[in-house]
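For the numbers below, each heavy atom of this structure counts, side chains included, while hydrogens, waters and symmetry mates do not. What you see is a predicted model, and the numbers here were worked out from it, not measured in a lab.
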Amino acid sequence: MVSKTEETQLNRLENQVDNGGGGAWDYLCLVRKLKVRRSEKVLKHGLSILNDPKKRSSLGPDEWTLYEQVAVAAMDCQCLDVAKDCIKVLQKRFPESKRVGRLEALLLEAKGFWEEAEKVYSSLLEDNPLDQVIHKRRVAMAKAQGNISGAIEWLNKYLEIFMADHDAWRELAETYVSLQMYKQAAFCYEELILSQPTVPLYHLAYADVLYTLGGLENLQTAKKYYASTIDLTGGKNTRALLGICLCTSAIAQLSKGRNKEDKENPELQSLAATALEKEFKQRAPTKLGLLISTLKSLKV
């Protein structure tokens with residue numbers, strides 16, 4: 001994730017280059033370092049260097065890195081002829097390179113030649129079955145074709161090999177949620193919480209899924225994870241505060257006629273409601289009335 005300081009530095013350098021102040025190579029290096037996608041700018045400023053023999057030769061070995069960077073940016077911008085020319089240069093310089101082979105497959109993807117791209121990826125995986133980039137490209141291809149079930153299948157196969165990839169678990173969870181497969185999504189968030197227990201986003205997402213599933217046990221667990229989200233964020237997560245109130249109301253409805261042990265302690269929801277009112281007074285005073293009427297309807 002890019003910090004505010006890094007983003008400020010990148011924007012300042014981008015404005016400098018756009019206004020003719022130089023520093024195009026430094027800008028391109030920073031874009032690569034931060035792993036951000038500013039494809040139009042990369043294409044424009046990258047070509048300005050590659051098309052100038054003097055500037056290009058001054059890069060030394062980094063010339064080939066720039067060809068690769070410009071090729072990917074060109075595909076993003078659908079300038080496929082430019083991407084093809086860059087890849088041809090790299091193929092000539094590195095004829096047996098697997099990295100260049102991935103670029104060739106990416107170009108086939110950009111053209112919509114999915115079967116041909118899959119054949120290239122399959123061939124590359126035979127040489128290196130643990131190539132993470134290729135496994136991820138298969139997921140991306142399935143999604144690009146609208147084949148969500150296929151994307152889930154590839155993600156599950158990927159996670160069998162790379163079980164510690166948090167981003168992949170999160171993507172799989174969000175994909176399951178989009179298909180309303182909440183039990184499977186819950187499992188993914190459980191894995192994320194086990195591996196990164198201090199990330200409030202995972203606690204919140206898990207609580208949302210459990211609340212959606214419903215049922216007394218799920219609602220009680222959801223309430224606990226909304227509470228842990230509040231704890232991890234220092235009481236500043238409005239969604240989690242509202243989640244406490246919603247869970248409390250739903251649990252009260254399901255607990256009617258049950259033993260006292262099954263009923264909820266009112267202290268937590270009272271604190272959550274008070275914190276919500278304070279938050280709305282400070283940040284959205286015009287919506288305070290709506291909040292109060294909502295809380296009343298929930299009998300909080």
Got a sec, which residues hit ring-ring contact (aromatic ring centres under 6.0 Å, His included) with Y158, two or more places apart in sequence or on another chain? F162

Pairing residues for Y225 by the ring-ring contact (aromatic ring centres under 6.0 Å, His included) criterion, not counting sequence neighbours: H203, Y206

Under 3.5 Å, is there a donor-acceptor pair between the side chain of [X] and the main chain of [Y]?
| X | Y | result |
| --- | --- | --- |
| N19 | N15 | yes |
| Q69 | V42 | no |
| S249 | C245 | no |
| D52 | S48 | no |
| W25 | G46 | no |
| S97 | F94 | no |
| Q16 | G22 | yes |
| E7 | S3 | no |

Looking only at the side chains, is there a donor atom on one of [X] and [Y] sitting less than 3.5 Å from an acceptor on the other?
| X | Y | value |
| --- | --- | --- |
| T65 | E68 | no |
| E118 | S122 | yes |
| D131 | Y121 | no |
| S149 | N147 | yes |

Beyond-backbone contact of [X] with [Y], side-chain heavy atoms, under 4.5 angstrom:
| X | Y | result |
| --- | --- | --- |
| L80 | Q78 | yes |
| E116 | K111 | no |
| L204 | P200 | no |
| L125 | H135 | yes |
| V100 | R93 | no |
| F280 | L290 | no |
| Y202 | E190 | no |
| E104 | Q91 | yes |

Got more than 12 heavy atoms from elsewhere within 6.0 Å of [atom1], [X]?
| X | atom1 | value |
| --- | --- | --- |
| K224 | NZ | no |
| R99 | CZ | no |
| Q196 | CD | yes |
| E217 | CD | no |
| K84 | NZ | no |
| D81 | CG | no |

Is there a path of hydrophobic side-chain contacts, each under 4.5 Å between heavy atoms, that joins [X] and [Y]?
| X | Y | answer |
| --- | --- | --- |
| V177 | V199 | yes |
| V72 | I49 | yes |
| L108 | I134 | yes |
| V133 | W64 | no |
| I244 | L216 | yes |

What are the two closest heavy atoms between [X] and [Y], and how far apart are they?
| X | Y | result |
| --- | --- | --- |
| P197 | L232 | O-CD1, 3.9 Å |
| A168 | L155 | O-CD2, 4.1 Å |
| H166 | L192 | O-CD2, 3.4 Å |
| L47 | V70 | CD2-CG1, 4.1 Å |
| A222 | Y211 | CB-N, 3.9 Å |
| T175 | E171 | OG1-O, 2.7 Å |

Salt-bridge criterion met for [X] and [Y] (N-O under 4.0 Å):
| X | Y | value |
| --- | --- | --- |
| K44 | E40 | no |
| K281 | E277 | no |
| K136 | D165 | yes |
| E191 | R170 | no |

Report the distance from atom [atom1] of [X] to atom [atom2] of [Y], rounding to the nearest 0.5 Å.
| X | Y | atom1 | atom2 | value |
| --- | --- | --- | --- | --- |
| K183 | Y176 | NZ | OH | 14.0 Å |
| L34 | E6 | CG | CD | 5.0 Å |
| C188 | L172 | SG | CG | 4.0 Å |
| E279 | N237 | CD | CG | 9.5 Å |
| T248 | Q253 | OG1 | CD | 12.0 Å |
| L276 | L291 | CG | CG | 5.5 Å |

Applying salt bridge (Lys or Arg N to Asp or Glu O under 4.0 Å), name anything that partners D76, two or more places apart in sequence or on another chain. R37

Residue pair I87, Y67: steps toward the side chain to side chain contact (heavy atoms under 4.5 Å, CB included) verdict: CA-CA 8 Å; I87 293 170; Y67 269 112; over 6 Å; no

Decide side chain to side chain contact (heavy atoms under 4.5 Å, CB included) for H45 and D18; before the verdict, give the C-alpha distance in whole Å, the side-chain angles of both, and the deciding distance to 0.1 Å. CA-CA 9 Å; H45 300 307; D18 285 343; 3.0 Å; yes

Using side chain to side chain contact (heavy atoms under 4.5 Å, CB included), reason through R38 and L10 one step at a time and then give a plain yes or no. CA-CA 11 Å; R38 300 202 176 183; L10 182 63; 3.5 Å; yes

